[in-house]
Amino acid sequence: MTSLFALVDCNNFYASCERVFNPSLEGKPVVVLSNNDGCVIARSGEAKALGIGMGTPYFELRDLIKREGVAVFSSNYELYGDMSARVVETLSQFSPHVEVYSIDESFLDLGDFYKVDLQAYAREIRQTVRQWLGMPVAVGVAPTKTLAKVANRIAKKSPKADGVLVLTDERHIEAALRRTGAGDVWGIGHRYARKLAGYGVHTAWDLRNVTDAFAKKHLTVVGLRTVRELRGEPCIDLELVPPAKQNICTSRSFGEAVTELDEVAEALATHVVRCATKLRKQGSKATAMTVFLMTSRFAGEGECYSNSRTLTFDAPTDSEPELIGKALKALRQIFRPGFRYRKTGVLLLDLVPANSMQLSLLDTVDREKHALLMHTLDTLRERYGHYAVKYAAQGTGEGSWQLRQENLSPCYTTRLEGLIRAR
DNA sequence: TCTGGGGTCCTAGGACCC
DNA sequence: TCTGGGGTCCTAGGACCC
């Protein structure tokens with residue numbers, strides 16, 4: 001074999017982050033809620049054992065949570081993001097090439113580590129992250145990323161594996177694939193799983209053994225790659241530099257239903273600022289923008305309304321005043337009075353590198369002035385927090401559209417008040 | 001009454017051109 | 001007026017991920 005990957009995945013990441021800074025929660029059920037405290041997005045093992053499902057609406061759980069003494073947290077992405085960076089930093093001790101796949105998962109290139117004791121090495125990775133950061137992780141090692149995912153999943157679930165599984169031996173790979181459902185394979189979602197079941201393909205082992213033609217016909221070229229990876233042929237490379245995003249989106253549900261245009265506008269302006277900040281951070285400008293507005297998906301007949309407006313710009317931009325102005329204008333075109341709105345948002349599209357500016361004769365904006373303003377704002381926000389400087393259009397911060405976060409933990413690692421609490 | 005947010009990639013089909 | 005083939009570009013929709 002010529003390639004070797006480790007997938008390191010934090011166990012119940014958000015719940016574990018909360019627990020790291022609150023050791024009295026060790027051994028107790030913990031859940032973390034989505035934005036607006038809407039539904040459960042992370043559960044400790046104990047919470048899973050209580051039968052709390054992923055994505056369950058919070059209101060359905062109130063009784064159970066009270067009865068069982070479940071600790072509940074609003075999501076705190078500042079804390080999780082910082083913990084994630086520390087985990088990655090630690091992992092980089094173990095491989096020169098680390099792909100940060102998501103906030104709680106990284107792939108490590110173990111290249112030609114076949115000569116070392118992989119079992120011991122994987123175990124050392126696990127123990128180091130645990131010791132240095134208090135974060136429990138599972139480690140799966142295999143010749144392809146898809147197989148490393150399979151290994152990781154079993155490492156996490158099987159008591160015998162105890163958090164570590166190395167799949168390099170053909171017989172072990174077969175046994176692992178036989179006990180993995182096709183729908184549990186990376187890249188096979190529930191729709192494909194159902195379709196495959198119709199053809200008698202139930203396990204990952206069945207999937208590995210379909211023909212290329214079958215895979216391509218039913219799962220497209222993407223699925224074919226997955227099948228090959230299950231056979232041990234590496235088809236998906238490590239991505240060391242995350243490719244620049246082609247679209248950037250910011251949206252949130254409102255804390256409470258909103259009926260007034262002015263309030264929706266405050267929320268939208270706030271999202272535009274966030275989105276434009278992300279845009280500048282990756283060094284891009286946008287050529288187009290979509291603004292959207294909607295009521296609840298669960299609203300009754302005649303109470304549903306959803307609309308969007310897409311505009312293209314004469315010249316690519318990352319200027320907040322310009323984007324806010326255009327977004328609010330688009331919003332006024334799609335806003336209809338008489339609805340209880342739940343959500344608004346903005347997508348910045350057709351992104352181009354910020355330095356590849358072409359001048360437009362139609363351009364009426366003083367680009368240099370705006371660039372200086374944006375740079376100043378980015379610096380201020382970096383130092384004093386994202387809401388240190390706001391536009392009048394964003395409102396006072398008291399609108400009912402603001403996120404509901406009733407159980408927010410302190411930002412232990414990144415803010416002074418959190419640092420003091422953590423001591 | 002209360003149900004997350006942010007992305008990517010692929011394919012099919014239509015519009016349009018020569 | 002009718003006929004044929006082949007190419008590109010764009011968009012909507014469907015699939016997936018965490």
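All values reported here derive from a predicted model rather than from experimental measurement. Residue numbering restarts at 1 for every chain, and letters A, B, ... go by the order of the sequence lines.
- Separation of the P atoms belonging to B:dT3 and C:dC18 is 25 Å when rounded to the nearest angstrom.
- Both the sub-6.0 Å distance and the 45° axial angle are satisfied by A:R62 relative to the ring of A:Y58.
- Two rings, from A:F73 and A:Y14, have their centers 6.0 Å or more apart.
- For A:D350, the side chain to side chain contact (heavy atoms under 4.5 Å, CB included) test picks out A:T287, A:A288, with sequence neighbours left out.
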Could you summarise the pairing of DNA chain C as dot-bracket text, marking Watson-Crick and G-U pairs under 3.5 Å with ( ) or [ ] inside the strand and | across strands? ....||||||||||||||
Checking A:N36 against A:Q405 for the side-chain contact (heavy atoms from CB on, under 4.5 Å) test, could you report, in this order, the C-alpha distance in whole Å, the side-chain angles of both residues, the deciding distance, and whether it holds? CA-CA 6 Å; A:N36 270 324; A:Q405 295 183 305; over 6 Å; no
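- No engagement by A:V32 is indicated, since no non-hydrogen atom pair under 4.0 Å with the nucleic acid exists.
- Salt bridge status for A:D9 with A:R153: absent, with no side-chain N to carboxylate O gap under 4.0 Å.
- We find that A:R340 and A:E263 are not joined by a salt bridge, their nearest charged nitrogen and carboxylate oxygen being 4.0 Å or further apart.
- For DNA chain C, the neighbouring residues in residues 186-214 of chain A, judged by any heavy atom under 4.0 Å, are A:W186, A:G187, A:I188, A:G189, A:H190, A:R191, A:Y192.
- Atom pair A:L224:CG and C:dC16:C1' shows a separation of 16 Å (rounding to whole Å applied).
- The residues A:E322 and A:K326 are annotated as salt-bridged, a charged nitrogen and a carboxylate oxygen being separated by less than 4.0 angstrom.
- Listed by chain and number, the residues in a side chain to side chain contact (heavy atoms under 4.5 Å, CB included) with A:T211 are A:A213, A:F214 (sequence neighbours excluded).
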With the sugar-phosphate defined as primed atoms, P, OP1 and OP2, and the base as all remaining atoms, what B/S/- string results for nucleotides 2-15 of chain B, 5' to 3', for protein heavy atoms under 4.0 Å? BBSSSSSSSS----
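- Sorted by first and then second residue, the salt bridge (charged side-chain N to carboxylate O under 4.0 Å, His left out) pairs involving residues 142-151 of chain A (not counting sequence neighbours) are A:E99-A:K145, A:E105-A:K149.
- At a threshold of 4.0 Å, the pair A:E174-A:R179 does not count as salt-bridged, since none of the basic side-chain nitrogens sits closer than that to a carboxylate oxygen.
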